[in-house]
Engineer: 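Let me begin by handing over the structure; questions about it come next.
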Amino acid sequence: MATQAAIAWEANKPLSIEDVQVAPPQAGEVRIQILFTALCHTDAYTWSGKDPEGLFPCILGHEAAGIVESVGKGVTEVKPGDHVIPCYQAECRECKFCKSGKTNLCGKVRAATGVGVMMTDRKSRFSVNGTPIYHFMGTSTFSQYTVVHDVSVAKIDLNAPLEKVCLLGCGVPTGLGAVWNTAKVEPGSIVAVFGLGTVGLAVAEGAKSAGASRIIGVDIDSNKFDIVERAFPSVFLLTSDKDVCLADNVSAKNFGVTEFVNPKDHDKPIQQVIVDLTDGGVDYSFECIGNVSVMRAALECCHKGWGTSVIVGVAASGQEISTRPFQLVTGRVWKGTAFGGFKSRSQVPWLVEKYMKKEIKVDEYITHNLTLAEINKAFDLMHERGCLRCVLKMHT
Ligand SMILES: NC(=O)C1=CN([C@@H]2O[C@H](COP(=O)(O)OP(=O)(O)OC[C@H]3O[C@@H](n4cnc5c(N)ncnc54)[C@H](OP(=O)(O)O)[C@@H]3O)[C@@H](O)[C@H]2O)C=CC1
Ligand SMILES: N[C@@H](CCC(=O)N[C@@H](CSC=O)C(=O)NCC(=O)O)C(=O)O
Ligand SMILES: [Zn+2]
Ligand SMILES: [Zn+2]
């Protein structure tokens, strides 16, 4: 079929909206009409050329929701008309990862999704004038139609608003799950969150619901702190741009952050500031930026003997973490998380239900709404003050 998609022809070059051919789904594949997609900082990371797995030309995008258009042979768990969220982290329930009970990573299609093709024939389903276009993260949601592996599709409640629950494809579950599944924060814990973007705020939300006693937000943007100092409920004052929607109740405090630290306000290293504030360090810390120096600080602000630091941010190719091994010898634990440890096909529908029951926030993370045609503007907005998630309407 012919459809429209945003093509990343080269790293950092503006995305180009083009007519794209999307081949029918083959065995074990699902073709999805994408209705809404959000932008995540990982899309920007790969587009920047710093992702060792980044391939061009490609169709980026991995935080979306849509409707199944057709299915290939052997697909039994979804049918045309089902409402779905594509999952960049697959769940086949058969591979040794899925059966281990120890991880949410799945090995079934990862080798193919890492090189931008489908498993069956190691080819792409996208082309522009005969030129194959690589898939991205097994999802490629910056296209009005995409083809994904059946193990990468979560079927969700038909009543769920797709323009909202698209966020449950990445950032919000990642933050919540980092707390609930990876760190397993206990009531009364002291938590530090580095980076108050969508992922960091979702960590704060998860920590609040886990009963953390203090949630220390660390960010270099003091505007975020000014915003939260205003009376509750507060409002982000965004820009005067007419396309920007002002979101009510968007402040770090509303997501559970109880106090703030701006590293720029201190002469001491930020880890020392936090250790001093917390009688020896936090029980749990989360790095939600992708900065290896901050990852070190996040580990080193943890309490001796038991403090656990979770790396959530994605760091560029060539970047490495370091610390004195003594930090680990003396009981601090360094962990990482992918998609917050959630089993995608099993648990994304559960997250959707939690949203429908108002048990988790989603709307509050959406600060902007644009269309597919405005995707480059949406990427620009990501770097602007007040932007958490921008949702693109794919069909106008
Ligand atoms: N592991 C996983 O499964 C997933 C990982 N990610 C990764 O998580 C990270 C966060 O994503 P997202 O929330 O969308 O990103 P954002 O860019 O929205 O959030 C990061 C925040 O950290 C702030 N910041 C930047 N530098 C520092 C610093 N030195 N100290 C304190 N704060 C700082 C940024 O401020 P400013 O905007 O002013 O720069 C921004 O507010 C990204 O690396 C993304 O790729 C995302 C989803 C899933
Ligand atoms: N290709 C990247 C990998 C970046 C990465 O770690 N991705 C996260 C998800 S980020 C979502 O926004 C992840 O889940 N990783 C696990 C995986 O199997 O990819 C690189 O090499 O840096
Ligand atoms: Zn993401
Ligand atoms: Zn598997």
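Just follow the structure's listing: the first ligand is 1, and inside any ligand the first atom is 1. These figures come from a predicted structure and were not determined experimentally. In what follows, every heavy atom counts, from backbone to side chain, and hydrogens, waters and symmetry copies are set aside.
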Engineer: When you measure from the side chain of Gln21 to the backbone N and O of Ala23, does any donor-acceptor pair fall under 3.5 Å?
Structural biologist: no
Engineer: Looking at Ala338, which atoms of ligand 1 are within less than 4.0 Å of one of its heavy atoms?
Structural biologist: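 What qualifies from ligand 1 is 3 (O).
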Engineer: Does any N or O in the side chain of Trp180 come within less than 3.5 Å of the main-chain N or O of Gly206, such that one atom is a donor and the other an acceptor?
Structural biologist: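 Judged by distance alone, yes, a pair lies under 3.5 Å.
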Engineer: In ligand 1, which numbered atoms sit nearer than 4.0 Å to a non-hydrogen atom of Gly313?
Structural biologist: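 Near Gly313, meaning under 4.0 Å from one of its heavy atoms, ligand 1 has 7 (C), 8 (O), 9 (C), 43 (O).
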Engineer: Quick test of your reading of the model: are Asp82 and Lys79 salt-bridged, counting only N-O distances below 4.0 Å?
Structural biologist: yes
Engineer: Can you check whether His62's main-chain N or O pairs, donor with acceptor, with Thr37's side chain at less than 3.5 Å?
Structural biologist: no
Engineer: Less than 4.0 Å is my threshold; does some heavy atom of Gly171 fall inside it relative to ligand 1?
Structural biologist: no
Engineer: Report the angle formed at the Zn ion (ligand 4) by atom SG of Cys92 and atom SG of Cys98, rounding to the nearest 10°.
Structural biologist: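 With the Zn ion (ligand 4) as the vertex, the angle is close to 110°.
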Engineer: Between Arg296 and Glu300, does any NZ, NE, NH1 or NH2 come within less than 4.0 Å of an OD or OE carboxylate oxygen?
Structural biologist: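 Salt bridge between Glu300 and Arg296, a charged N being under 4.0 Å from a carboxylate O: yes.
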Engineer: Under 4.0 Å between a side-chain nitrogen and a carboxylate oxygen: does that hold for Arg214 and Glu259?
Structural biologist: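 Answer for the salt bridge query: yes.
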Engineer: Should one rank Asp219, Asp51, Ile220 by closest heavy-atom distance to atom 28 (C) of ligand 1, which comes out on top?
Structural biologist: Ile220
Engineer: Below the 3.5 angstrom mark, is there an N/O of Arg389, backbone or side chain, next to an N/O of ligand 1?
Structural biologist: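 Yes.
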Engineer: Would you call Phe339 a ligand 1 contact, heavy-atom distance under 4.0 Å?
Structural biologist: yes
Engineer: Out of all atoms in ligand 1, which are within 4.0 Å of some heavy atom of Val218? Include the element for each.
Structural biologist: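 Near Val218, meaning under 4.0 Å from one of its heavy atoms, ligand 1 has 31 (C), 32 (N).
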Engineer: So for ligand 1, is Pro263 a polar contact partner (N or O within less than 3.5 Å, distance only)?
Structural biologist: no
Engineer: Taking N or O atoms only and a 3.5 Å limit, does Cys40 qualify as a polar contact for ligand 1?
Structural biologist: no
Engineer: Heavy-atom pairs closer than 4.0 Å: do any link ligand 1 to the side chain of Thr174, the backbone, both, or neither?
Structural biologist: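 The answer is the side chain of Thr174.
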Engineer: Check each heavy atom of Leu388 against ligand 1 and say whether those closer than 4.0 Å belong to the side chain, the backbone, both or neither.
Structural biologist: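 For Leu388, no heavy atom sits under 4.0 Å from ligand 1.
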Engineer: Going by the salt bridge (charged side-chain N to carboxylate O under 4.0 Å, His left out) test, name the single residue among Glu163, Glu364, Glu63 that passes it with Arg389.
Structural biologist: Glu63
Engineer: Does the shortest distance from the Zn ion (ligand 3) to an N/O/S atom of Cys40 fall below 2.8 Å?
Structural biologist: yes
Engineer: Is Leu39 close to Phe142 at the side-chain level, that is, under 4.5 Å between some pair of heavy atoms?
Structural biologist: yes
Engineer: Answer yes when Glu91 and Arg93 have at least one side-chain N-carboxylate O distance shorter than 4.0 Å, and no when they do not.
Structural biologist: yes
Engineer: Can you tell which of Ile270, Thr46, Ile289 gets a heavy atom nearest to atom 42 (C) of ligand 1?
Structural biologist: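 It is Ile289 that holds the nearest heavy atom.
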Engineer: Below 4.0 angstrom from a heavy atom of Thr42, which ligand 1 atoms are there? Numbered from 1 as shown, please.
Structural biologist: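 In order of number, 6 (N), 44 (C), 45 (O), 46 (C).
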Engineer: Nearest 10°: the angle subtended at the Zn ion (ligand 3) by His62 NE2 and Cys170 SG?
Structural biologist: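 Value returned, to the nearest 10°, is 110°.
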Engineer: So, the side chain of Thr146 versus the backbone of Ile32: is there a donor-acceptor pair under 3.5 Å, distance only?
Structural biologist: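 Checked: no pair found.
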Engineer: Just distances here: any N/O of Cys170 and N/O of ligand 1 closer than 3.5 Å?
Structural biologist: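 No; every N/O pair is 3.5 Å or more apart.
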Engineer: Hey, is ligand 1 close enough to Val199 that some N/O pair sits below 3.5 Å?
Structural biologist: yes
Engineer: Check this for me, if you would: do Arg110 and Glu53 make a salt bridge, where the nitrogen-to-carboxylate-oxygen distance has to be below 4.0 angstrom?
Structural biologist: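 Between Glu53 and Arg110 there is a salt bridge, with a charged N closer than 4.0 Å to a carboxylate O.
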Engineer: Is there a heavy atom in Tyr88 that sits closer than 4.0 Å to ligand 1?
Structural biologist: yes
Engineer: Does Asn104 use its side chain to pair, donor to acceptor, with the backbone of Ala338 at less than 3.5 Å?
Structural biologist: yes
